Number of protein chains: 2
Amino acid sequence: MATGRNHRPATTRSRGIPEATVARLPLYLRALTALSERSVPTVSSEELAAAAGVNSAKLRKDFSYLGSYGTRGVGYDVEYLVYQISRELGLTQDWPVVIVGIGNLGAALANYGGFASRGFRVAALIDADPSLTGKPVAGIDVQHTDQLEQIIDESGVSIGVIATPAGSAQQVCDRLVAAGITSILNFAPTVLSVPEGVDVRKVDLSIELQILAFHEQRKAGEEALGEDETAPPAAPPAAAVTKRTEPGSDGDRPAVMPA
Amino acid sequence: MATGRNHRPATTRSRGIPEATVARLPLYLRALTALSERSVPTVSSEELAAAAGVNSAKLRKDFSYLGSYGTRGVGYDVEYLVYQISRELGLTQDWPVVIVGIGNLGAALANYGGFASRGFRVAALIDADPSLTGKPVAGIDVQHTDQLEQIIDESGVSIGVIATPAGSAQQVCDRLVAAGITSILNFAPTVLSVPEGVDVRKVDLSIELQILAFHEQRKAGEEALGEDETAPPAAPPAAAVTKRTEPGSDGDRPAVMPA
DNA sequence: CATTGTGAACTGTTTCACAGCG
DNA sequence: CGCTGTGAAACAGTTCACAATG
């Protein structure tokens with residue numbers, strides 16, 4: 001899900017390039033990089049699409065927003081495309097990143113290799129726990145939250161990663177924003193509110209699992225419907241007992257379509 | 001990003017409920033749970049929407065797919081909605097999960113609290129490194145990959161989390177699927193291919209950062225325009241010249257710096 | 001009479017299908 | 001001829017705006 005904004009026009013065709021396309025560029029880039037390493041000179045939309053896990057029409061449409069970088073009858077020049085997409089994504093420059101919250105997750109992120117691979121560089125690690133201060137994680141000394149503003153100011157970071165507990169996320173976010181950060185990757189399970197102009201993307205394990213559970217449940221229900229799953233506990237709308245759009249007399253029973 | 005399928009009809013209105021809506025249910029559930037803990041009895045679409053970070057029309061539309069659970073002039077009964085959404089998401093049942101790849105990330109996931117909170121239970125931890133076998137992580141002994149099939153068979157797990165290096169992800173995926181797993185949450189930076197009927201969702205740090213970098217770059221470019229941006233900096237498709245690793249002395253010049 | 005529930009309009013995304021071109 | 005690039009059609013998701021109603 002592309003968050004980025006909270007309300008606002010939302011999907012605003014960034015710079016002519018649709019959000020959905022932007023979200024796929026990194027995927028293409030990864031596939032292209034692999035081809036490049038194998039010294040494959042050109043690739044067709046069909047092949048590249050397969051490698052990236054999308055269909056070829058979508059890929060061609062996506063590339064068409066970047067310009068006409070292919071050669072009809074031949075395909076795309078791998079190196080050239082790698083460069084164009086990198087440039088488009090802004091990966092030809094260095095992006096220092098600060099990670100706040102060096103718990104299990106924060107440490108894992110700091111150690112994550114793919115991090116450094118594409119122009120991203122961990123510029124600082126920050127945590128509120130004084131016992132961590134000065135300790136090295138992934139080769140970088142953890143600094144104390146008190147220094148947050150100063151660190152951001154000095155390192156010129158514009159991307160912040162929040163890996164703190166949910167309870168402190170908004171506070172950390174506010175400080176990051178006040179200090180000049182304009183892009184945030186949030187791993188804390190909370191909705192962050194930020195001022196206009198600041199982008200937030202979130203990664204939420206528990207949400208992903210819940211979505212999987214939803215589909216998993218459907219699969220189970222399909223093969224053996226007539227299931228009664230869990231009891232019909234829950235109280236009805238309580239108070240005025242309200243009605244029940246009532247799709248079936250037994251009320252609760254899920255399954256049946258909403259019709 | 002809502003993957004789930006690789007090709008296929010994609011967004012298939014699951015059980016009448018649009019994918020986009022399903023993806024937001026966990027968000028509503030979280031906000032509702034917080035209200036419930038504060039013993040708030042009812043909530044309006046406006047209030048709940050604000051807490052979940054969406055707009056109220058969207059929220060009402062989303063809820064309308066679940067049924068008519070609100071009361072006009074009043075709002076929604078918090079407890080009742082919590083139950084209905086939980087049931088819809090399949091969270092009224094227990095979902096054992098197996099995590100494969102107990103490196104920094106896998107360990108962080110195993111320790112992640114929000115994991116257990118909503119019906120998800122770490123049933124087993126698996127890693128290919130023999131030196132980890134038998135060692136406890138988050139209170140659970142790591143088991144060796146050799147046991148994978150047996151573990152899955154015995155624990156009746158249907159959701160698998162892949163936190164291995166990219167190189168082994170597809171292989172692990174294949175084994176999980178062969179052993180009966182039908183939902184996979186993939187943290188490895190690779191496109192997994194799975195047979196029809198298996199859901200895959202991916203969480204990819206580096207992709208999220210690249211998307212942020214794209215927007216960040218635009219912001220930088222905006223404030224200092226006068227930029228020609230569309231300029232044909234890099235080399236043209238290089239008809240037959242191919243290779244370009246060399247972007248050109250000046251062609252390189254990326255946008256201004258983000259400061 | 002505040003607030004839900006929802007048709008209808010709209011905006012964004014995907015897919016189709018084929019003209020254009022190397 | 002093969003493959004790209006792209007209008008146009010189809011589809012999905014969001015927002016509007018208001019009638020229905022507890």
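The shown structure was predicted, so the numbers you read here are calculated from the model rather than taken from an experiment. Residue numbering restarts at 1 for every chain, and letters A, B, ... go by the order of the sequence lines. Quick note: numbers below take in every heavy atom, side chains included, and nothing from hydrogens, waters or symmetry partners.
In terms of heavy atoms, B:L48 sits closest to B:A31 at CD1-CB, 3.7 Å.
Rounded to whole Å, the distance from CZ on A:F63 to C1' on D:dT4 is 12 Å. For the pair A:E47 CD and D:dG2 P, the computed distance is 14 Å after rounding to whole Å. Atom-to-atom, CD of B:E19 to P of C:dT14 comes out at 14 Å; the value is rounded to the nearest Å. Atom NZ in B:K58 sits about 18 Å away from atom P in C:dG5, given to the nearest Å. Put simply, CG on A:D77 is 15 Å from C1' on C:dG22, counting in whole angstrom units. Taking atom CD on A:E46 and atom P on C:dC16, their separation rounds to 12 Å, with Å as the unit. In this structure, A:Y65 places its OH atom 10 Å from P of D:dT6, rounding to the nearest Å. When rounded to the nearest whole Å, the span between CG of B:D62 and P of D:dT14 equals 7 Å.
Comparing A:V74 and A:S64 against DNA chain D, the residue whose closest nucleotide sits nearer the 5' end is A:V74.
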Pairs: protein N or O with nucleotides 17-21 of chain D N or O, under 3.5 Å:
from: D:dA20; atom 1: N3; to: B:R72; atom 2: NH1; distance (Å): 2.7

Filtered N/O pairs between nucleotides 7-10 of chain C and protein, under 3.5 Å:
from: C:dG7; atom 1: N7; to: B:K61; atom 2: NZ; distance (Å): 3.3

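Residues forming a side chain to side chain contact (heavy atoms under 4.5 Å, CB included) with B:A166 (at least two apart in sequence, or on another chain): B:P189, B:T190. For the salt bridge (charged side-chain N to carboxylate O under 4.0 Å, His left out) test, residues two or more places apart in sequence or in another chain that qualify with A:E216 are A:K219. With sequence neighbours left out, the side-chain hydrogen bond (donor to acceptor under 3.5 Å, both in side chains) criterion links B:S158 to no other residue. B:T42 meets the side-chain hydrogen bond (donor to acceptor under 3.5 Å, both in side chains) test with no other residue; sequence neighbours excluded.
Residue A:N55 has a polar side-chain atom (N or O) positioned under 4.0 Å from OP1 or OP2 of C:dT15. Put simply, A:S45 has a side-chain N or O that comes within less than 4.0 Å of OP1 or OP2 on D:dT4.
Sorted by first and then second residue, the ring-ring contact (aromatic ring centres under 6.0 Å, His included) pairs involving residues 32-51 of chain B (not counting sequence neighbours) form an empty list. Legend: ring-ring contact (aromatic ring centres under 6.0 Å, His included) pairs involving residues 188-210 of chain B, not counting sequence neighbours: none detected. Within the structure, every pair that satisfies the ring-ring contact (aromatic ring centres under 6.0 Å, His included) test and touches residues 24-61 of chain A, not counting sequence neighbours, is listed here: A:Y28-A:F63.
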Intermediate values then yes/no, side-chain hydrogen bond (donor to acceptor under 3.5 Å, both in side chains), B:S206 and B:Q210 = CA-CA 6 Å; B:S206 128; B:Q210 288 173 51; 3.0 Å; yes
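Nucleic acid contact for B:Y76: sugar-phosphate only, since backbone atoms but no base atoms lie under 4.0 Å from a heavy atom of the residue.
Residue A:S68 places its side chain closer to D:dG5 than to any other of C:dT4, D:dG5, C:dT14.
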